[in-house]
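Please read the structure below before turning to the comments.
Remember, it's 1-based here, ligands and their atoms both numbered in the order they're listed.
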Amino acid sequence: MKQASNDQILIAGGGIGGLAAALALARIGKESHVFEQADEIKEIGAGIQLGPNAFYTFDELGISDEVNKLAVFPDDIIAMDAISGEEILRLPVSELYPERFGKPYGLIHRADLHAVLLQACRDSGKVTLSASSKVESHVSDGKSVTVTTSDGQTHTGPALIGADGLWSTVRQSIVNDGKPRVSGHIAYRAVLPIDQVPEANRKHAMVIWMGPRFHLVHYPLRQSDVFNLVAVFHSDKYDEGWDTYGDPEELRARFQGARPEVLGMLEKIESWRMWVLCDRDPVGNWTKDNVTLLGDAAHPMLQYLAQGACMAMEDAVCLAKHVQASGGDFSKAFDSYAKARYLRTARIQQTARLYGQAYHASNATRDLRNAFLKERTPDQVMEGMAWMYEKDQIPA
Ligand code: FAD
């Protein structure tokens with residue numbers, strides 16, 4: 001691992017976004033210092049979906065081979081009505097996506113993706129990693145930035161990237177828009193060994209069961225040894241806070257009326273982790289001189305398009321390109337980077353909210369959703385996704 005020096009770009013946050021930023025900078029020959037508040041630089045949580053656009057970023061980051069070894073490439077994406085049990089959409093992604101988008105659709109354990117990024121950062125010899133180092137504050141004079149970390153140390157570098165997530169400290173000095181918006185949607189997440197997954201649900205597919213004010217997603221991870229489960233429901237019982245244990249009784253009550261296939265999955269889990277899902281309204285002013293934001297710190301979104309981590313990695317690649325083109329002028333680079341990324345990420349933030357409503361529709365809206373999806377051909381569905389997945393849509 002690299003020793004700290006004053007030339008290193010400072011990065012607050014060692015999640016997927018922060019490490020992708022450090023790696024993208026390393027690929028253009030720039031050194032960085034990543035500060036992570038947790039005792040260890042690692043990822044929690046379970047699976048994430050990777051749209052074809054993510055695979056273009058893996059090429060740029062030079063980690064495609066490693067990711068491809070660890071990801072699962074499912075046959076289909078299947079949407080089910082959680083009350084009637086009717087299949088309303090089946091998209092043969094393994095067959096269609098590589099041809100249409102040039103890249104596949106994949107599923108990976110977050111810890112595996114994070115570990116690939118971490119190893120690549122270490123191998124680059126250009127990244128210093130400090131755990132137990134919360135960035136408490138920073139001061140910038142436009143040419144250099146000094147951060148103060150929770151252990152009382154100060155570190156100076158030419159620029160600061162706030163990749164410190166939904167509750168970003170760095171954001172407050174730039175955008176100053178208070179707390180994130182509590183969406184009223186709660187996610188319970190768990191991982192189930194395949195031998196405990198009911199036979200009927202052991203599909204090599206990303207399956208979503210949509211019900212009134214709830215949905216369940218399940219898909220295989222790690223060579224299908226385990227299944228990732230995300231159960232989401234509406235509740236105004238919870239305010240902020242995340243990553244605590246969920247209450248299985250409440251989950252059962254919220255999923256009342258769902259098909260036995262859905263309830264059968266839920267009852268297999270004894271211990272759920274709970275997330276209170278939050279986002280923010282999009283803004284474009286992520287940059288102030290030589291300080292900028294990236295990933296959830298810049299554009300936190302609901303998970304309904306499965307793009308938050310994909311966007312953080314796209315940000316990283318884009319940011320490094322702007323740093324390289326600017327000839328060392330970080331204020332200029334960060335300004336043009338934020339302008340390049342703003343509308344793409346804003347569209348995903350806003351569209352994710354709409355998808356959430358469609359997933360959780362009831363009554364006539366549910367019937368309209370089902371009728372709409374059933375009459376789409378796979379080609380029509382893919383055209384609706386092209387703005388997210390096509391290579392040409394990723395801003396350089
Ligand atoms: P984070 O992952 O939040 O990382 C921020 C890091 O910064 C953390 O390690 C934190 O400890 C650290 N930190 C915070 N403050 C400080 C500080 N002051 N100093 C130092 N360190 C600090 N995305 C997808 O692409 N596909 C999916 O399928 C998908 N599914 C999801 C499902 C759910 C239920 C949820 C909640 C999200 C999902 N996402 C998905 C979104 C994705 O998880 C996030 O968008 C992504 O993790 C953002 O990465 P990040 O690095 O920007 O932020």
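Under a 4.0 Å criterion applied to the non-hydrogen atoms of I16, ligand 1 contributes the atoms 51 (O). Under a 4.0 Å criterion applied to the non-hydrogen atoms of G295, ligand 1 contributes the atoms 52 (O).
Heavy atoms of E36 found under 4.0 angstrom from ligand 1 belong to the backbone as well as the side chain. Both the backbone and the side chain of D296 come within 4.0 Å of ligand 1, judged by heavy-atom distances. If you look at V170 next to ligand 1, there are no close heavy atoms at all, none under 4.0 Å. Only the backbone of S133 comes within 4.0 Å of ligand 1, judged by heavy-atom distances. With a 4.0 Å cut-off on non-hydrogen atoms, R189 touches ligand 1 through its side chain and not its backbone.
At least one N or O atom of C310, backbone or side chain, sits closer than 3.5 Å to an N or O atom of ligand 1. Residue Q303 has no nitrogen or oxygen atom sitting less than 3.5 Å from a nitrogen or oxygen atom of ligand 1, judged on distance alone. For ligand 1, one of its N or O atoms has an N or O atom of G308 under 3.5 Å away.
Using 4.0 Å as the threshold, A163 has a heavy atom nearer than that to some atom of ligand 1. Under a 4.0 Å heavy-atom criterion, A20 is not in contact with ligand 1. At least one heavy atom of R110 sits closer than 4.0 Å to an atom of ligand 1.
Between Y97 and Y105, the two ring planes are perpendicular [angle over 60°; tilted spans 30° to 60°].
Distance NZ/K126 to CZ/R27: 11.0 Å, rounded to 0.5 Å.
Judged by a 6.0 Å distance limit and a 45° cone about the ring axis, R376 is positioned over the six-membered ring of F372. Remark: R189 is not positioned above the aromatic ring of W272, lacking an NZ or CZ atom under 6.0 angstrom from the ring centre and at most 45 degrees off the axis.
Among V135, L277, I48, the residue whose heavy atom lies nearest to atom 30 (N) of ligand 1 is I48.
When side chains are defined from C-beta on, F233 counts as touching E250, because their heavy atoms get closer than 4.5 Å. Residues K42 and L118 fail the side-chain proximity criterion, which asks for heavy atoms closer than 4.5 Å.
With hydrogens and angles left out, the side-chain atoms of D289 and S331 include no donor and acceptor closer than 3.5 Å. With no hydrogens or angles considered, a side-chain donor-acceptor pair links D151 and T149 at under 3.5 Å.
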